[in-house]
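To start, the structure under review is shown below, and the notes come after it.
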Amino acid sequence: MTLEAIRYSKGKLSILDQLLLPTQTQYINVNNTNDGWQAIKKMQVRGAPAIAIVGCLSLAVEMLKTDITSSEELGNFICERLDYLVTARPTAVNMGSSAKHFKQRVTTLLKDRDLKVEDFKMIIVEEIEKMLESDRSDNVALAKYGAGDIMERCTHNKARVLTHCNTGSLATAGYGTALGVIRALHEDGNLDHAYCTETRPYNQGARLTAYELVYEKIPATLICDSMAAMLMERKKISAVVVGADRVVANGDTANKIGTYQLAINAKYHNVLFYVACPTTSYDASKSTGADIIIEERPAEELTKIQNIPIAAPGINCWNPAFDVTPAELITGGIITEHGVFKPSELKHKLKPFITKGGL
Ligand code: RI2
């Protein structure tokens with residue numbers, strides 16, 4: 001059985017509270033978009049694809065409870081709730097793209113004067129529900145491409161891979177992106193060892209990725225973020241594979257803080273550096289990483305762990321949650337469900353798969 005971050009059956013949504021992992025496994029109900037917004041903001045659910053899926057499913061759950069009788073009113077309600085959900089966290093593109101896509105669907109469906117309000121509602125709800133399965137199958141396809149490329153290009157018989165943050169079943173609808181690549185290498189008997197960083201300040205690596213690796217019985221070792229250069233120098237790492245919160249047109253990539261320094265380290269040590277990016281995490285509307293808004297989170301995430309103070313009281317803190325890795329450092333390539341591409345070819349290669357609505 002694989003880990004399930006998101007549980008959904010028609011009109012019922014619950015999520016694994018990721019703030020309590022790894023010590024407690026507790027699901028919480030998400031009954032409406034207010035609950036969805038809170039869960040995303042507090043990071044009870046996190047990871048770029050999972051944020052959009054839970055946000056949209058929270059809307060589906062709420063829609064199924066509404067008794068709005070006019071299509072115009074329902075359309076306004078959907079659009080207003082989508083705009084609200086986008087405000088929870090700014091850096092990952094996925095919720096924003098989903099909102100754009102479903103708002104465009106609302107506009108299109110409202111043009112059909114014969115469409116009954118109940119049918120309008122069910123079309124949107126069912127399209128949202130499909131996000132779960134398509135995210136999972138995209139991740140499986142992406143992981144196979146990534147594992148294949150690493151084995152073709154690495155000089156070792158089996159790969160030793162370093163990853164950062166959490167990009168597994170807990171960050172997605174299932175299988176994972178960068179962690180999916182590690183999973184695929186392992187399933188094919190091609191993984192020598194996986195290394196995961198702690199991922200300070202919020203420890204998604206130590207709490208979540210390490211949990212998934214142990215759960216899946218994948219041979220793995222945890223390191224502090226500050227050990228990455230030493231690891232690359234001493235442990236014959238074949239590749240670094242990380243996820244993405246937003247990859248823009250030129251290939252610049254926003255991902256968890258600390259990704260940029262891993263890419264610099266990888267370049268220095270001649271280690272292939274890959275970004276796993278399902279098309280839903282690609283943003284063609286922004287040209288370079290300078291256009292990406294970087295979320296800054298509360299100082300307490302640095303100064304406390306599980307509410308226990310670990311820093312000198314009164315010290316100033318800066319807590320950007322993400323950094324931008326320049327495309328030129330992505331030496332392995334950008335792994336998508338359609339293949340592995342150089343950052344410079346991404347725009348052209350993904351063009352056929354991007355619809356106007358953003359998904
Ligand atoms: P995929 C996470 O951010 C990390 O940046 C991680 O790389 C990404 O989301 C996972 O999403 P946070 O939400 O890479 O934990 O799987 O702040 O797309």
Side-chain angles (χ1 to χ4, degrees), residues 3 5-6 15-19 21 39-55 88-98 131 134-136 138-143 146 162-184 196-209 211-212 225 240-247 253-263 273-283 289 292-298 301-302 319-325 330 334-337:
L3 286 170
I6 305 165
I15 56 164
L16 185 54
D17 185 346
Q18 299 192 27
L19 292 180
L21 284 173
I40 293 166
K41 184 79 181 171
K42 286 201 271 182
M43 292 177 69
Q44 287 169 304
V45 62
R46 27 68 47 205
I51 287 172
I53 295 166
V54 168
R89 293 190 74 193
T91 303
V93 67
N94 313 54
M95 187 61 231
S97 308
S98 299
M131 289 172 78
S134 64
D135 183 60
R136 198 182 186 285
D138 285 352
N139 291 342
V140 172
L142 176 155
L162 169 65
T163 192
H164 186 55
C165 199
N166 175 263
T167 60
S169 298
L170 295 171
T172 63
Y175 206 80
T177 58
L179 199 51
V181 173
I182 290 174
R183 192 193 297 267
C196 66
T197 60
E198 270 186 311
T199 319
R200 283 284 292 147
Y202 226 37
N203 291 312
Q204 290 97 324
R207 292 189 296 111
L208 310 176
T209 302
Y211 183 78
E212 289 201 43
D225 299 7
V240 179
V241 188
V242 299
D245 292 271
R246 187 184 302 243
V247 177
T253 296
N255 191 50
K256 182 52 53 194
I257 192 75
T259 302
Y260 181 23
Q261 65 192 15
L262 286 180
F273 187 90
Y274 289 90
V275 167
C277 169
T279 308
T280 48
S281 303
Y282 173 64
D283 180 3
I292 303 172
I293 297 170
I294 299 294
E295 175 185 11
E296 294 197 13
R297 295 195 53 93
E301 289 177 7
L302 246 85
N319 185 13
F322 303 94
D323 56 30
V324 176
T325 299
I330 304 170
I334 298 181
I335 311 167
T336 75
E337 69 276 28

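One-based numbering, in listed order, for ligands and for the atoms of each. Worth saying up front: this structure is predicted, and the values here are computed from it rather than measured.
Looking at ligand 1, you'll find an N or O of Gly47 within less than 3.5 Å of one of its N or O atoms.
Between the side chain of Glu212 and the main chain of Leu3, no donor-acceptor pair closer than 3.5 Å is present.
Ligand 1 is approached by Asn255 to a heavy-atom distance shorter than 4.0 Å. Within the 4.0 Å heavy-atom cutoff, Pro49 counts among the residues contacting ligand 1. Assignment of Met43 to the shell around ligand 1 is supported, since a heavy atom sits closer than 4.0 Å. Residue-ligand proximity: Ala178 is placed with every non-hydrogen atom at 4.0 Å or more from ligand 1.
When Thr199, Asn166, Leu142 are checked for heavy-atom proximity to atom 10 (C) of ligand 1, Asn166 turns out nearest. Around atom 17 (O) of ligand 1, the closest heavy atom drawn from His164, Lys256, Arg46 belongs to Lys256.
Less than 4.0 angstrom separates some heavy atom of Arg89 from each of these atoms of ligand 1: 12 (P), 13 (O), 17 (O). Per-residue contacts place Ala244 under 4.0 angstrom from the following atoms of ligand 1 (heavy atoms of the residue considered): 1 (P), 14 (O), 18 (O). Within ligand 1, the atoms closer than 4.0 Å to a non-hydrogen atom of Ala48 are 9 (O), 10 (C), 11 (O), 18 (O), numbered from 1 in the order shown.
Look at Arg200 and Asp225 and you find no salt bridge, because none of the NZ, NE, NH1 or NH2 atoms lies under 4.0 Å from a carboxylate O.
Looking at Phe322 against ligand 1, only its side chain comes within 4.0 Å, counting heavy atoms. Only side-chain heavy atoms of Asp245 come within less than 4.0 Å of ligand 1; its backbone N, CA, C and O stay farther off. At a 4.0 Å heavy-atom cut-off, ligand 1 does not touch Ala92 at all.
Residues Leu21 and Leu16 meet the side-chain proximity criterion, which asks for heavy atoms closer than 4.5 Å.
For the pair Arg207 and Tyr202, the distance from NZ or CZ to the six-membered ring centre is under 6.0 Å and the angle to the ring normal is within 45 degrees.
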